[in-house]
Amino acid sequence: EGTTKRKELHGTTRVCGLSGTWASERTAVKLQGYRMKFLCDQVGQKYSNFVLLIDKTIAHEAANLDIDLFLHDKMVKASVSPCGLFELDVQQLEQAKLFQALLFNGLFGKLFTGSKSSGVPREFILSKDDTFIWNNPNMYLILPMDPTVESHDISCINWRVIDEAATAVKLLRKIYSEEKMNILGILDFDQNDEDLIHLANTSCEAHFLRNVVVLAVHTGKIYTALHVADLSANSTFDGAADEKGTEFHTFAEYFEKKYVCYCTFMCLLKHKYVKLLIYFICRYDIVLRHPSQPLLVLKPSHRPHNILSSKLRDEGNGEKKKGDTSDITKANNRVHMPPELLIPLNFSDDILRTFYLFPSLMHRIETLMLASQLKSEISYDDSNVSSFLILEAITTLRCSEDFSMERLELLGDSVLKYVVSCHLFLKFPNMDEGQLTSSRVDIISNAALYGFGIEHKIQGYIRDAAFDPRRWLAPGQLSIHPVPCNCRVNSEVVTEDINVKVGQLCDKGHRWMCSKTISDCVEAIIGAYYVEGGLRAAMAVLKWLGINVEVEEELIGQFLSASVQTYLPKNDVIEKVEAKLGYVFLMKGLLLEALTHPSLQESAEGYSYERLEFLGDAVLDILLTRHLFYSHKDTDEGELTDLRSASVNNENFAQLAVKHKLYQFLQHSSGKLPENITEYVDSLENPSMDKVNLLSDAALRGPKVLGDVVESIAGAILIDRKLDLEVVWGIFKPLLSPIVTPEKLELPPFRELLEWCNKSGYFLGIKCTDGIKRTDGDKIEATLDVQLKETLLVRQGCGKSKKDAKAHAASMLLKDLEVEGLIVPKNASNTQQFQDHRNIFDAMDIQLSTPTRGKRSAGSKIAASLDKPVDWPVRMSKGGPRAGLYEFCKKLQWPAPNFDCAKVEQSVPTPQGQGFTFASTIKLHIPNSDVISLTGDCFADKKSAMDSAALLMLYELQQRGRLQVQEIHVS
């Protein structure tokens with residue numbers, strides 16, 4: 001429990017404030033109104049204001065929301081604010097429901113179910129009883145506001161637009177009242193005026209249709225009319241007549257014999273149409289009454305995008321590259337359609353444009369309401385804890401948001417450790433350090449926190465996957481991306497299968513989750529309350545969780561009377577240490593205890609620093625973590641963790657003890673201790689000596705006793721000042737200075753080497769051997785190797801532990817990579833050190849005639865691995881070929897393959913409506929051999945294009961006798 005390997009099936013908690021049944025009751029309703037205003041940073045881009053209607057009061061922070069929405073090439077500022085009570089009569093409610101159902105299904109879903117090809121009768125989803133599409137657990141209306149009305153009552157709703165949509169629905173109901181679509185029988189409208197554009201239910205002049213929203217009666221798709229084309233329904237399919245299977249010469253003939261889910265695209269070449277492609281779905285009789293009138297050029301609707309994060313926008317776009325065809329694609333992505341198949345909805349595209357903001361905006365409102373719901377359960381009223389911060393605490397990195405729980409989790413971990421340590425230290429004065437540590441682990445371990453979280457159903461609140469707007473549903477919207485529930489939820493479902501996809505929801509809200517995510521979330525919630533309300537608020541969360549700890553001043557008095565007041569201070573030692581600390585103890589015995597080594601406890605004094613060290617460890621942890629958290633607010637969670645690791649460790653504290661000569665006052669009776677301390681002090685005061693030692697052994701680490709005494713002094717000051725953390729920080733901040741910053745952060749050697757390999761596309765070989773006999777005792781030997789293009793770098797390191805041995809070998813390998821010019825020296829910026837992977841392959845193209853010290857030719861190792869082709873399974877599902885090739889390269893320690901994707905303009909559009917596809921070129925460098933470069937097939941998405949190139953490379957390696965591909969097809 002509480003591990004990343006263990007995955008469990010859990011449900012999700014519903015937002016209670018959005019539920020309701022009023023939409024299906026067909027009675028007048030009173031609803032709370034919330035105005036939605038939008039302002040685009042791009043001049044000329046207008047978005048209409050809307051009102052959100054719901055029968056419950058929304059939580060304050062969701063009801064007064066300001067949020068930036070990041071579109072492809074612009075940003076829209078959205079603001080939500082309460083605007084009073086709205087009363088809708090039965091007719092208004094029905095009209096509003098039709099508007100919402102038509103727009104959301106027409107844009108993001110479908111208005112028809114079934115088809116002739118599937119054998120299921122085609123049916124208009126709003127034709128009869130629409131109750132089945134209003135069974136969404138969330139219930140609200142999103143209606144357009146009239147820009148000419150300033151009031152905050154029912155009159156501010158744009159009923160003209162709503163009525164236009166409702167009228168279109170009623171017209172479609174008549175057309176599809178029988179099994180067969182009957183346009184001519186229903187629409188007796190007939191006009192022959194050649195100066196007008198004849199639509200399905202009206203005629204108008206062409207200029208009235210510019211930027212007007214229209215609805216196609218045969219597909220149920222919604223478009224924006226742009227302009228009139230030079231073609232008519234009698235026009236020929238230029239360039240398509242010679243295509244195999246083409247059986248139509250004109251649009252009119254086409255509609256008489258075929259029904260199309262109509263997406264017609266044109267490519268312009270020297271101002272002449274060269275190709276017109278039509279995708280046929282099923283046969284249908286449509287006789288055009290006005291085949292000679294011009295076609296309308298329409299802009300189709302598109303799927304909604306996740307526009308909540310600037311990261312998603314930036315990663316998806318990037319800078320325009322040479323050969324970018326986005327502008328051409330925009331021109332190609334147009335539909336040509338006979339006007340008489342279109343119903344004008346008679347509102348402008350600024351209303352339609354706004355609909356693409358709603359999935360992301362409503363998702364943010366829903367998640368804030370969920371966070372507020374959790375806040376209500378915790379029920380701590382003494383501090384106004386922000387729902388935004390609680391939302392951050394329940395959001396994992398998988399959500400790809402601009403925030404996640406990791407920073408708060410780091411802080412919450414330190415807060416929890418500190419509070420529990422104080423409680424145990426004061427409550428149990430007779431416990432030794434080992435017993436205190438064991439008791440603390442029982443309370444704050446991941447397994448324990450997991451149990452507390454499960455008991456309070458925190459798992460249901462956790463957001464553990466990126467928002468997918470395609471699966472978001474507005475009330476009245478039918479799902480077109482169902483994920484049927486096949487979950488075994490009646491019993492505990494647990495797995496350690498690495499292939500289980502974490503985070504993906506089924507239609508009933510079940511998803512797999514790592515059990516450690518639950519314990520991490522518990523810590524993050526504690527951190528969130530600490531940020532907003534200090535220790536008192538954090539303690540309230542602990543109480544709610546069932547962690548019964550108390551940290552009260554009365555306990556300090558009891559502790560002092562039982563221990564340190566009886567100590568006889570050694571004044572000369574005490575005064576000198578106080579001078580170095582800049583602090584005078586009220587209870588001198590506390591400082592004496594903090595300086596007393598356990599060896600002296602056994603022989604004479606009967607006390608030692610171990611208990612205070614237990615407390616001081618937690619004190620310095622929270623003080624440094626808190627400082628880093630607030631000082632580096634823009635630092636991401638990974639770097640914050642590295643900063644904390646670099647600051648809160650025994651080595652850092654040992655160096656502090658040497659720097660301020662606190663080790664000179666250590667009270668002990670150990671014979672070997674002075675020798676160890678002197679050796680370490682000399683290594684710090686003579687860095688050149690340490691560099692010499694590095695060649696033969698790992699760098700000397702500080703004796704644990706030095707770090708312990710620093711921690712025990714911190715614990716002593718905390719008790720002496722009755723748990724005043726600010727006093728302790730005021731004393732220790734100058735002692736700890738300079739505290740590491742992101743600019744000065746140096747990763748441990750092994751970690752730095754591992755990250756460089758990951759970024760640069762290389763694999764690190766690791767082998768550790770125990771029990772190596774050395775003159776200074778048994779050591780562990782670590783062998784690390786990195787296969788470059790032509791050379792295998794190998795280094796061996798020794799140390800008392802595997803960690804020390806790997807650090808020793810990694811330090812030497814990093815030096816080798818610096819010599820090769822692959823790593824920029826330490827004094828260079830981080831940006832220089834870690835170049836973009838595309839450039840690394842060029843930078844590493846170095847020919848070495850003779851291997852230098854610590855290197856050997858890679859040929860022998862690889863040849864030994866390839867005596868005969870190996871059977872290599874490759875999953876043929878998406879991502880499988882890439883994973884298969886990656887694992888093969890990793891097994892042989894070849895440099896990882898490099899992919900370069902490029903857009904390819906298509907004269908014939910893809911079925912997805914794109915005027916371009918992606919082609920991926922893959923480059924693989926086989927050490928001591930050659931570079932293979934291949935280009936895969938074109939696909940509509942980059943990942944499929946990369947899979948194609950990877951599979952091509954695998955079969956190329958098969959032809960060369962390296963492997964035998966075994967395709968695995970998963971149904």
Side-chain angles (χ1 to χ4, degrees), residues 378-383 385 408-433 435-445 448-449 452 522-565 585-587 590 593-594 609-627 629 648 711-732:
I378 295 174
S379 188
Y380 175 67
D381 298 326
D382 291 352
S383 176
V385 179
L408 288 172
E409 176 212 334
L410 201 68
L411 182 62
D413 172 70
S414 296
V415 172
L416 178 64
K417 179 180 176 182
Y418 168 75
V419 170
V420 172
S421 298
C422 285
H423 168 77
L424 294 173
F425 182 88
L426 296 172
K427 191 76 173 177
F428 304 102
N430 295 322
M431 274 190 180
D432 61 31
E433 185 266 343
Q435 293 170 320
L436 291 172
T437 300
S438 177
S439 298
R440 182 169 68 186
V441 168
D442 289 342
I443 298 173
I444 70 172
S445 67
L449 296 179
F452 293 128
V522 170
E523 291 176 329
I525 293 170
I526 295 169
Y529 272 74
Y530 179 78
V531 169
E532 295 285 72
L535 276 176
R536 187 173 295 277
M539 295 279 287
V541 177
L542 298 183
K543 183 177 180 181
W544 173 72
L545 288 167
I547 302 175
N548 296 312
V549 293
E550 53 181 335
V551 181
E552 303 293 343
E553 288 188 12
E554 300 84 66
L555 292 174
I556 296 177
Q558 298 172 17
F559 165 78
L560 292 175
S561 62
S563 58
V564 298
Q565 285 187 345
F585 275 80
L586 301 176
M587 292 289 178
L590 279 171
E593 181 177 340
Y609 61 57
E610 288 183 313
R611 278 178 50 87
L612 286 172
E613 176 236 321
F614 164 83
L615 179 62
D617 166 51
V619 172
L620 292 179
D621 191 345
I622 189 174
L623 289 175
L624 282 164
T625 303
R626 186 180 68 174
H627 167 77
F629 182 90
V648 186
E711 290 173 335
S712 64
I713 290 173
I717 296 174
L718 182 77
I719 297 299
D720 195 56
R721 298 299 303 197
K722 296 186 177 180
L723 307 182
D724 192 333
L725 278 171
E726 301 309 319
V727 171
V728 183
W729 181 238
I731 295 166
F732 265 83

4.5 Å side-chain heavy-atom contact, Ile731 and Arg721: no

Verdict with reasoning, Lys543 to Tyr380, per side-chain contact (heavy atoms from CB on, under 4.5 Å): CA-CA 10 Å; Lys543 183 177 180 181; Tyr380 175 67; over 6 Å; no

Closest contact, heavy atoms only, Tyr530 versus Val415: CG-CG2, 3.6 Å

Euclidean distance, Arg626 CZ relative to Phe629 CZ, rounded to 0.5 Å: 12.0 Å

Nearest non-hydrogen partners of Ile443 and Ala448, listed with the distance: O-CB, 3.4 Å

Leu426 and Leu723: CA distance, side-chain angles, deciding distance, side-chain contact (heavy atoms from CB on, under 4.5 Å) verdict: CA-CA 11 Å; Leu426 296 172; Leu723 307 182; 4.2 Å; yes

Straight-line distance of Leu615 CG to Glu711 CD, nearest 0.5 Å: 10.5 Å

Verdict with supporting geometry, Asp617 and Arg440, side-chain contact (heavy atoms from CB on, under 4.5 Å): CA-CA 12 Å; Asp617 166 51; Arg440 182 169 68 186; 3.6 Å; yes

Backbone N/O of Leu590 and side chain of Glu593: donor-acceptor pair under 3.5 Å: no

Euclidean distance, Asp413 CG relative to Ile622 CD1, rounded to 0.5 Å: 10.5 Å

Pro429 and Arg611, any side-chain heavy atoms less than 4.5 Å apart: yes

Which atom of Val549 lies closest to which atom of Met539, heavy atoms considered: O-CE, 3.5 Å

Sub-4.5 Å side-chain heavy-atom contact between Leu542 and Val419: yes

Close side-chain approach of Ile717 and Phe732, heavy atoms under 4.5 Å: yes

Non-hydrogen side-chain atoms of Leu718 and Cys422 separated by less than 4.5 Å: yes

Verdict with supporting geometry, Val385 and Ile378, side-chain contact (heavy atoms from CB on, under 4.5 Å): CA-CA 11 Å; Val385 179; Ile378 295 174; over 6 Å; no

Nearest heavy-atom neighbours spanning Tyr529 and Ala537: O-CB, 3.3 Å

Shortest non-hydrogen contact between Ser421 and Ala618, atoms and distance: OG-CB, 3.5 Å

Heavy-atom closest pair, residues Phe425 and Leu436: N-CD2, 4.2 Å

Spacing of Leu535 atom CG and Tyr418 atom OH [to the nearest 0.5 Å]: 6.0 Å

Close side-chain approach of Leu416 and Val522, heavy atoms under 4.5 Å: no

Close side-chain approach of Val648 and Leu620, heavy atoms under 4.5 Å: no

Asp720 (side chain) donor-acceptor with Leu586 (main chain) under 3.5 angstrom: yes

Parallel, tilted or perpendicular: ring planes of His423 versus Phe428, cut at 30 and 60 degrees: perpendicular

Side-chain donor-acceptor pair present, Thr437, Glu433, cut-off under 3.5 Å: yes

Gap separating the CZ atom of Phe585 from the CD1 atom of Ile719, nearest 0.5 angstrom: 11.0 Å

Listed partners of Ala524 passing side-chain contact (heavy atoms from CB on, under 4.5 Å), at least two apart: Ala393, Met405, Leu408, Glu409

Glu550/Lys427 under salt bridge (charged side-chain N to carboxylate O under 4.0 Å, His left out): CA gap, chis, key distance, verdict: CA-CA 9 Å; Glu550 53 181 335; Lys427 191 76 173 177; 3.1 Å; yes

